[in-house]
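Quick notes on the structure that follows.
A, B, ... follow the sequence lines: proteins, then strands. Residue 1 opens every chain.
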Number of protein chains: 2
Amino acid sequence: MRIGEIAALVGVTSRAIRHYHHIGLLPEPGRRANGYRAYSVRDAVVLARIRRLTELGLGLDEVRDVLADDAGRELVEVLVELDADLARQENEIRERRRRLARLLDGPVSAEEVVSPALAELLGTAPATDSPMAAKDREHLVLLDTTGVGSEVYAALRPLAEDPAVHALYERLDALAAAPLDDPRIVPLAADMAAAVPDEVLAAIPSGGPVMTGFGQALLDDYAPAQAEVVRRVMAALAARVAGRGTG
Amino acid sequence: MRIGEIAALVGVTSRAIRHYHHIGLLPEPGRRANGYRAYSVRDAVVLARIRRLTELGLGLDEVRDVLADDAGRELVEVLVELDADLARQENEIRERRRRLARLLDGPVSAEEVVSPALAELLGTAPATDSPMAAKDREHLVLLDTTGVGSEVYAALRPLAEDPAVHALYERLDALAAAPLDDPRIVPLAADMAAAVPDEVLAAIPSGGPVMTGFGQALLDDYAPAQAEVVRRVMAALAARVAGRGTG
DNA sequence: AGAAACGTTGACGCAACGGCAGGGTCAAGT
DNA sequence: ACTTGACCCTGCCGTTGCGTCAACGTTTCT
């Protein structure tokens, strides 16, 4: 048989067969005078074995191992391991499909591909055109992705609907073009720090090199006066944590 | 933030981030004086979006498409398509696990990774040390892989337990070193052809270039006298088919 | 001052082939 | 005799999503 014939017989492509030769999975058969590979029935039998094993999901090197030792011992091991692997994959896929179903269930936007808990929290917050509120929502989405956020949603729920919080956002918005010595900075920082519940404060990872860099980047993200407010808020919160730690 | 910081924050590797830069999925941020990349919170938000989408199973170019158009329209399309794809994969995996379970259920050997129908047929055949019978079993396994065999198993079942068939194998074995003019060749061919049931004859794919090459390889697989028997059997069967075709 | 732990670009490796380039070979038709 | 079409050959690049060096500069801690 030529390569195309054995390929059609067994149901694989000639290209795959040459690949098996290349990696030493299937020995190269003899050649005819014209250089064509000349396959025997035995080659077809081996190739069929390879095909059945790969169709089960075995990798080519696993197939090689199985074909190598004549006994069926190793085969059982490999198959059991393979089944465990397939079971894992199946669970992964199911999990993804569950999340997909939840996403497609409600309204979908690019930003709302988040955990259901955060999706609900963002849903309860009233629509606003405050740039600072929008920024905060982005930060929440960010925290959600890192897995940090999931514990603070409950504590944040009452804040989302609180008109007082809305007012804080508006006061922060108003500082967009303010100078660094604006008199509204200090009291706003105090009010904002006071609005942060203890539960949220406790859940925020306080230290570490990562948070250092993140904190700096966070400040860079705001206008100068607004950044000053954020800085003071963070300082006040840090003081609260320290005070409780020693008190 | 430096690359390691944003990576730890979002939960991906720095290498992955550089990869995203390389393929244009995530824009390169500005650099510090020392050449380090300087990331902002906005970068982290985008990166987190990328991570969530890839975790759902989207490819990187699909992620790029989704991030490209601001509306969530395309996202829904992609997600629906993705879900269909995942469903397909899930079914594939389930099918493979079903076959695996069937295999691991009974005794497993490297050759017995075959369809359950053939496995049963091979099981009913009595153990024999006839080389020709072993060869025939290999050929059956080969046919099973190609999908041709599944229709003839029922017709072959009675033959598997027939002592007369066993005698035929032994007569063929006896010709291993016989000359081409051995007087046992002609009557053996006649008896073997007579033993092939009509149902099997009808199910064998008669023509085509593939079977031509296979037939030649099949003959090469036997000793000269045995090949002569096989040749005569095939000729007799072909005559039977032709006779019925015209009669 | 030296080491550890970051950062930079660049390139190869992976699984299982598909596809193409740039040839040679063979049987059949014109 | 010539051409067409269907094969065959070797060899190399592309795929996906990064991991893993290599070889080097920077920052930081001790």
Side-chain angles (χ1 to χ4, degrees), chain A residues 1-26 28-39 43 47 50-65 78 82 85-86 89 92 96 208-210 212-214 216-217, chain B residues 1-26 28-39 43 47 50-65 82 85-86 89 92 96 208-210 212-214 216:
Chain A
M1 283 180 289
R2 291 172 303 174
I3 194 170
E5 292 168 341
I6 192 180
L9 177 65
V10 177
V12 300
T13 67
S14 347
R15 185 64 184 80
I17 296 179
R18 281 193 274 257
H19 182 57
Y20 298 155
H21 291 324
H22 191 65
I23 65 174
L25 177 57
L26 185 66
E28 284 265 6
R31 303 292 182 117
R32 298 187 190 176
N34 55 21
Y36 289 13
R37 293 180 179 84
Y39 293 91
D43 294 319
L47 183 56
I50 292 175
R51 186 193 159 187
R52 287 193 306 269
L53 291 174
T54 58
E55 279 187 342
L56 281 175
L58 275 76
L60 294 188
D61 40 0
E62 295 170 312
V63 171
R64 181 164 35 212
D65 292 347
V78 173
L82 174 62
D85 195 49
L86 287 180
Q89 289 185 41
E92 276 180 17
R96 292 211 290 233
V210 171
T212 307
F214 174 70
Q216 186 55 49
Chain B
M1 282 180 289
R2 291 173 303 175
I3 195 170
E5 292 168 342
I6 191 180
L9 178 64
V10 177
V12 300
T13 66
S14 350
R15 183 61 183 85
I17 297 178
R18 282 194 272 258
H19 181 58
Y20 298 156
H21 291 325
H22 190 65
I23 65 174
L25 176 57
L26 186 66
E28 285 264 6
R31 303 291 183 115
R32 297 187 189 176
N34 56 16
Y36 288 14
R37 293 180 177 83
Y39 292 92
D43 294 320
L47 183 56
I50 292 175
R51 186 192 160 188
R52 286 193 306 270
L53 292 174
T54 58
E55 278 189 343
L56 280 176
L58 275 77
L60 295 187
D61 41 1
E62 293 171 312
V63 171
R64 179 164 38 210
D65 293 346
L82 174 62
D85 196 48
L86 287 180
Q89 288 184 39
E92 277 180 17
R96 292 210 290 232
V210 171
T212 307
F214 175 69
Q216 186 57 50

- prompt: Does A/N34 or A/I17 map to a spot on DNA chain C nearer the 5' end, using the closest nucleotide for each?
  reply: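 The residue closer to the strand's 5' end, by nearest nucleotide, is A/I17.
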message: Whether the side chain of A/R15 and the base of C/dG19 hold a donor-acceptor pair under 3.5 Å is what I'd like checked.
response: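 By the distance-only test, yes, there is a pair.
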- prompt: Quick one: does B/Y20 reach the base of D/dG17 with a side-chain donor-acceptor pair under 3.5 Å?
  reply: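 Absent.
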A/E5/A/R2 ion pair, N-O < 4.0 Å: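 Yes, this pair counts.
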query: Taking NZ, NE, NH1 and NH2 as the nitrogens, is one of them in A/E92 or A/R96 under 4.0 Å from a carboxylate oxygen of the other?
result: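 No, this pair does not count.
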How about [X] and [Y]: do any of their side-chain heavy atoms sit closer than 4.5 Å?
X: B/E62; Y: B/L82; answer: no
X: A/Q89; Y: B/Q89; answer: no
X: B/Y20; Y: B/I50; answer: yes

Could you tell me the separation between the [atom1] atom of [X] and the [atom2] atom of [N], rounded to a whole number of Å?
X: A/L47; N: C/dC17; atom1: CG; atom2: P; value: 11 Å
X: B/D85; N: D/dT16; atom1: CG; atom2: C1'; value: 14 Å
X: A/R2; N: C/dG24; atom1: CZ; atom2: P; value: 19 Å
X: A/M1; N: D/dC8; atom1: CE; atom2: C1'; value: 16 Å
X: B/H21; N: C/dT9; atom1: NE2; atom2: P; value: 9 Å
X: A/L58; N: C/dA15; atom1: CG; atom2: P; value: 14 Å
X: B/I50; N: D/dT16; atom1: CD1; atom2: C1'; value: 16 Å
X: A/E5; N: D/dC8; atom1: CD; atom2: P; value: 7 Å

field: Nearest-nucleotide comparison on DNA chain D, the residue closer to the 5′ end among A/I3 and B/D61
entry: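 The 5'-side residue here is A/I3.
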To the side chain of [X], which of [options] is closest?
X: B/T13; options: D/dC18, C/dG7, C/dC17; answer: D/dC18
X: B/H19; options: D/dT10, D/dG17, C/dT8; answer: D/dG17
X: B/Y36; options: C/dG7, D/dT10, D/dC8; answer: C/dG7

message: Just N and O in the side chain of A/R37: are any of them under 4.0 Å from OP1 or OP2 of D/dC9?
response: yes
- prompt: If only side-chain N and O atoms of B/R18 are considered, is one of them under 4.0 Å from the OP1 or OP2 phosphate oxygen of C/dT9?
  reply: no
Counting any heavy atom closer than 4.0 Å, what does [X] reach on the DNA or RNA strands: base, sugar-phosphate only, or nothing?
X: A/T54; answer: nothing
X: B/R32; answer: nothing
X: A/I23; answer: nothing

